[in-house]
2 protein chains.
Amino acid sequence: MDHTRWLDDEEMRMWLAFIAAGTLVDRELDQQLKEEAGLSHLQYEILIWLNEAPDRAMRMTELAERLINSKSGLTYQIGQMEKAGLVRRRPCEWSGSGVMAELTDEGRALLERTAPGHVEMVRELIIDVLTPEQRAAIADGLGKVRDRILERKGEACW
Amino acid sequence: MDHTRWLDDEEMRMWLAFIAAGTLVDRELDQQLKEEAGLSHLQYEILIWLNEAPDRAMRMTELAERLINSKSGLTYQIGQMEKAGLVRRRPCEWSGSGVMAELTDEGRALLERTAPGHVEMVRELIIDVLTPEQRAAIADGLGKVRDRILERKGEACW
DNA sequence: TCGTAGCAGTTCAAATTTGAACTAGATACA
DNA sequence: TGTATCTAGTTCAAATTTGAACTGCTACGA
């Protein structure tokens with residue numbers, strides 16, 4: 001009376017590859033960014049998101065959602081980056097409570113200095129390793145995985 | 001004079017999906033395991049690896065490599081799990097220095113209790129969301145990504 | 001105009017992770 | 001033998017992450 005649908009070999013092969021690749025890629029990027037710019041991968045992504053936002057600024061909560069990070073974790077990281085002069089906090093115009101995290105010129109400059117090496121590494125680690133067909137399958141497949149989890153959580157949060 | 005090969009839309013789509021799916025899946029599994037068994041995903045994987053090893057035991061360093069984890073991190077986690085009675089440490093027969101982490105009966109029992117729900121969740125989150133073609137592409141593609149990083153690091157370690 | 005509820009962020013303590021330094025058991029070889 | 005080296009694990013302090021509790025606004029209904 002074991003209803004469990006265990007993973008078959010092919011499924012297991014995929015699962016192991018998925019887990020390991022995710023961990024390894026993240027680790028490598030973290031290390032390179034640390035060396036080149038003293039940033040963690042998370043901090044780098046904060047710079048990226050802010051840089052692409054209108055006015056290079058975003059609400060804390062929205063930023064946390066984009067990053068898939070807890071609110072308190074973001075408070076901490078923004079604190080660190082503020083000390084380092086990479087971002088600045090200011091109250092949100094509409095909203096009363098509400099804080100905008102804003103990229104400073106220094107943060108933007110660091111991002112621009114760092115981005116080429118980072119993209120290079122992303123290509124080397126994953127993009128250029130895959131065939132266009134594999135990239136398409138991963139974009140479609142994992143995109144769906146992501147979207148389903150996000151909607152599943154609905155408004156659940158941290 | 002910008003030689004950087006920036007990511008095109010299709011590449012970026014894949015990259016974002018890859019990063020987000022990895023983070024989200026890990027988070028969900030962590031949460032479910034915590035609720036059902038009081039385990040982190042990492043601890044669950046320790047149980048899995050040990051359970052599949054000959055004699056249900058493995059050297060610390062090898063285990064750390066399999067898990068893609070730092071040695072000191074593993075020392076900590078094995079310590080926690082030892083307190084909880086899930087694993088046991090014993091000296092390695094050959095090797096003098098060298099410690100084997102060994103699954104206890106209690107650890108094995110917990111794993112067996114927990115595995116069905118975990119597999120269920122893995123299916124729901126990712127396996128059953130993908131088409132067989134996507135699974136094959138991911139297994140091949142990300143398998144290659146993983147293997148290249150592992151060989152790149154060669155004997156480099158923590 | 002209160003009082004309650006909800007939202008946005010922060011704070012705080014506890015758990016975990018990191019990486020560098022350290023210890024002890026081999027190994028090698030002069 | 002004696003010394004330098006290497007490997008396997010551990011320890012330790014610092015950085016980060018977590019989740020729960022808390023603070024300040026806003027909105028809403030009585």
Side-chain angles (χ1 to χ4, degrees), chain A residues 23 26-35 38-46 57-84 87-102 153-158, chain B residues 23 26-35 38-46 57-84 87-102 153-158:
Chain A
T23 309
D26 202 52
R27 222 172 253 282
E28 294 293 301
L29 290 178
D30 230 39
Q31 185 167 340
Q32 195 219 14
L33 285 166
K34 201 86 74 186
E35 279 169 17
L39 294 171
S40 64
H41 189 198
L42 176 57
Q43 292 176 328
Y44 182 83
E45 295 209 305
I46 291 175
M58 248 195 247
R59 293 282 298 264
M60 293 294 282
T61 297
E62 170 158 22
L63 187 49
E65 274 165 17
R66 299 297 181 195
L67 294 166
I68 311 176
N69 214 287
S70 69
K71 287 192 303 172
S72 62
L74 181 61
T75 293
Y76 174 76
Q77 282 300 341
I78 292 290
Q80 295 302 104
M81 294 172 76
E82 202 168 19
K83 279 189 215 162
V87 301
R88 175 177 27 248
R89 262 187 256 237
R90 62 175 169 72
C92 178
E93 300 86 358
W94 32 290
S95 172
S97 64
V99 172
M100 303 289 280
E102 181 177 42
K153 311 221 298 182
E155 305 309 325
C157 62
W158 305 282
Chain B
T23 310
D26 203 51
R27 223 173 251 282
E28 294 293 300
L29 291 178
D30 231 38
Q31 186 167 338
Q32 194 221 15
L33 286 166
K34 201 86 71 187
E35 279 169 16
L39 293 170
S40 65
H41 189 197
L42 177 56
Q43 291 176 327
Y44 181 84
E45 295 209 303
I46 291 175
M58 246 194 249
R59 293 284 297 264
M60 293 295 282
T61 297
E62 170 158 23
L63 187 49
E65 274 165 19
R66 300 297 179 194
L67 294 167
I68 311 175
N69 214 289
S70 69
K71 287 192 305 171
S72 62
L74 182 60
T75 293
Y76 174 76
Q77 283 300 342
I78 291 291
Q80 294 303 103
M81 294 172 75
E82 202 168 18
K83 279 189 216 162
V87 303
R88 176 179 24 251
R89 262 186 256 238
R90 62 174 169 71
C92 177
E93 300 84 359
W94 33 291
S95 173
S97 65
V99 172
M100 303 290 279
E102 181 176 41
K153 311 220 301 181
E155 305 311 324
C157 62
W158 304 284

Q: Please determine, by modelled atom types, if B/Q43 and B/Q77 share a side-chain donor-acceptor pair under 3.5 angstrom.
A: yes
Q) What's the CH2-P distance between B/W94 and C/dT27, to the nearest Å? A) 12 Å
Q: For nucleotides 10-18 of chain D, just jot down a letter per nucleotide in 5' to 3' order: B, S or -, based on protein non-hydrogen atoms under 4.0 Å.
A: BB---SSBB
Q: Round to a whole Å and report the spacing from CD of A/E82 to C1' of C/dG9.
A: 13 Å
Q | Any A/T61 side-chain nitrogen or oxygen under 4.0 Å from OP1 or OP2 of C/dG9 | A | yes
**Q.** Carboxylate-amine/guanidinium contact A/E102 A/R89, below 4.0 Å
**A.** no
Q: Over all heavy atoms of both residues, which pair between A/R90 and A/A57 is shortest? Give the atoms and the distance, please.
A: NH2-CB, 3.7 Å
Q: List the atom of A/A64, the atom of A/L74, and the distance in Å for their closest heavy-atom pair.
A: N-CD2, 3.6 Å
Q: Could you walk me through whether A/L63 and A/I78 pass the side-chain contact (heavy atoms from CB on, under 4.5 Å) test, one step at a time?
A: CA-CA 10 Å; A/L63 187 49; A/I78 292 290; 4.3 Å; yes
Q. More than 12 foreign heavy atoms under 6.0 Å from CZ of A/R66: is that the case here?
A. no
Q: Output yes when at least one side-chain N/O atom of B/R59 is less than 4.0 Å from OP1 or OP2 of D/dG9, else no.
A: yes
